[in-house]
Amino acid sequence: MREAKPWGMLAEFENTQTFYKGCEKIRDAGFSRWDAYSPFPVHGLDKAMGLKRSNLPWIVLICGLIGASVGFAMQTWVATTAYPVIISGKPFFSWQAFVPITFELGVLFGAFGAVFGMFGINKLPTYYHPVFTSDRFARVTDDRFFIAVEAQDPSYDERKTKKLLESAGATHIEQLED
Amino acid sequence: MSHGHAPRTVAAEDVIIPSGHALAKLPLIAAVVGLIGIGASFALMGDHPEQFYLSWLTNFAFFLSFGLGGLWFVIVQHVTRAGWSIVVRRAAENLMVTLPVFALLFIPVIMGMEHLYHWVHPEEGDVVLQGKLGYLNTTFFLGRAAFYFIGWALFALFFYAKSVRQDESKAAQISRTLRGVAPVAIVFFALTLTFGAFDWFMSLDPHWFSTIFGVYYFAGTTVATFALLALSAMVLQRGGLLKGVVTTEHYHDLGKYLFAFNVFWTYIAFSQYFLIWYANIPEETMWYMYRMEGTWLYVSAFLALGHFVIPFFYLMSRHIKRNRKTLAIGALWMLMMHWVDMYWVIQPPLAHHHGGHGASLSVLDLTTFIGIGGIFLAVYAWRMRSKALVPVGDPRLAESLAFENL
């Protein structure tokens with residue numbers, strides 16, 4: 001059996017105002033290894049958490065360009081080299097005819113990039129996470145808001161971090177083990 | 001939460017152009033320049049009336065885009081009950097009230113019908129044009145034009161008058177009334193714009209036909225209109241107006257529309273080309289043949305590159321749409337490309353019929369641009385000066401002021 005070691009702390013908030021304030025305090029204290037959980041999207045929370053804009057658009061752009069290139073190259077190769085057939089008297093290399101599939105593959109690969117890139121950035125699927133050991137955490141899908149701070153964060157200090165979260169209005173704080 | 005500092009109301013000095021302001025003189029200056037442009041165009045007509053009428057029609061199509069685009073923008077905001085756009089809606093309303101003036105600017109097109117439209121005198125034995133006589137004849141053409149202009153003017157003035165009345169009365173009922181009329185207006189708009197484009201621009205080559213042509217012209221007008229809406233707000237803000245009223249968030253949305261409708265234009269333009277290329281029927285392919293002969297091929301290539309490839313990658317970035325300077329460059333570029341598009345649509349067929357094989361800009365393209373553009377700008381700026389720059393009585397103005405993109 002694995003030895004249980006402290007993973008971090010889970011703070012519970014009863015409303016969005018204290019939750020929002022808690023995020024701002026953790027952000028301003030310079031934490032990097034922490035996350036916020038809420039039952040619904042809280043407008044402006046990304047700013048309160050100090051999150052940078054996602055890199056996802058770049059992933060989508062690159063995937064889309066790869067998809068379009070693959071689509072165009074594939075059709076060019078098939079129509080001119082692998083299986084050249086004269087269709088309604090047009091040249092083998094008729095780029096006009098290749099445009100719809102080039103476009104579609106660009107969109108398809110872009111969509112793949114968006115979905116799987118999002119999975120990757122969010123580390124999904126995650127089958128186990130220490131916050132699941134908390135019984136109270138189940139209410140995150142209903143009416144409670146949580147901030148989890150990892151013990152590995154350089155700014156982490158069991159006593160000070162707890163006080164910081166309490167000063168923001170956390171109603172319950174528990175220690176989590178991995 | 002994070003947007004608690006946005007102003008809930010607007011101050012009068014931010015939305016009224018003061019009488020001593022440089023922009024207050026713009027209507028008069030533009031009108032004088034426009035009249036000089038029109039005078040110069042007529043003086044230069046000389047022995048080549050064809051070029052005069054073609055240049056006139058090109059610039060008529062270009063500037064009419066803003067009137068129609070403004071009307072369309074206003075109707076769509078009411079149909080969708082849009083909140084974000086209220087602070088830029090008055091600019092579009094000022095654009096659409098230029099529509100009645102285009103009925104006057106259409107008079108030279110009527111004068112030049114014999115030069116512009118081959119179908120006025122179809123040759124003996126031209127069975128195609130004989131068959132189209134029921135639609136393409138002078139009487140019906142003029143009747144339709146009158147119908148379009150009267151309809152556009154009535155809708156534009158109705159929406160304008162109601163919106164201006166709301167500035168004082170602040171009545172929410174006016175918004176509900178306009179929301180009720182807008183769906184009727186949008187059906188009327190779609191049909192009249194389509195047939196207007198068929199009549200005035202597609203029938204330049206009366207053997208040719210393309211059912212998507214109306215949508216093609218529409219797509220171009222939307223791109224040009226979003227570009228002009230963004231630029232208008234920037235000019236007003238440089239003049240010290242609309243401070244904190246039109247924000248980066250609104251520019252970002254106009255930029256998104258500019259990008260999206262430019263892609264829409266490309267989609268329509270390619271769809272038209274693609275089907276004609278595939279079917280390869282001579283009476284359809286002629287239209288593209290004219291545009292691939294001689295130097296016209298370069299204009300066509302420039303259009304594909306400049307109206308799609310370059311702005312597609314340029315306007316894709318969020319940073320470029322949210323920065324005023326870079327958005328202004330994109331908007332100016334799109335205005336230029338819309339002009340090239342109108343030139344490419346209107347000028348080749350007649351140049352071909354008169355034996356020319358290349359694209360060459362005429363001085364009349366410039367003088368008619370100044371002439372029609374001056375008159376258009378005079379009316380636009382006159383409306384801007386006469387009323388508040390923002391519909392201050394709209395009950396949901398605060399929603400628009402506080403608007404934020406996610």
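Everything numeric in this text was worked out from a predicted model, so none of it was measured. Labels below follow one simple rule: chain letters A, B, ... track the order of the sequence lines, proteins then strands, and each chain is numbered from 1.
In summary, the aromatic rings of B:Y278 and B:F274 are positioned with their centroids under 6.0 Å apart. For B:F218 and B:W72, the ring centers are positioned less than 6.0 Å apart. For A:F146 and A:F19, the gap between ring centers reaches or exceeds 6.0 Å.
Proximity to chain B is absent for every atom of A:L45, based on heavy atoms less than 4.5 angstrom apart. In this structure, the portion of A:L61 lying under 4.5 Å from any heavy atom of chain B is its side chain and not its backbone. Looking at A:A48, neither its backbone nor its side chain comes within 4.5 Å of chain B, counting heavy atoms on both sides.
Taking 4.0 Å as the cut-off between side-chain N and carboxylate O, A:E177 and A:K5 do not count as a salt-bridged pair.
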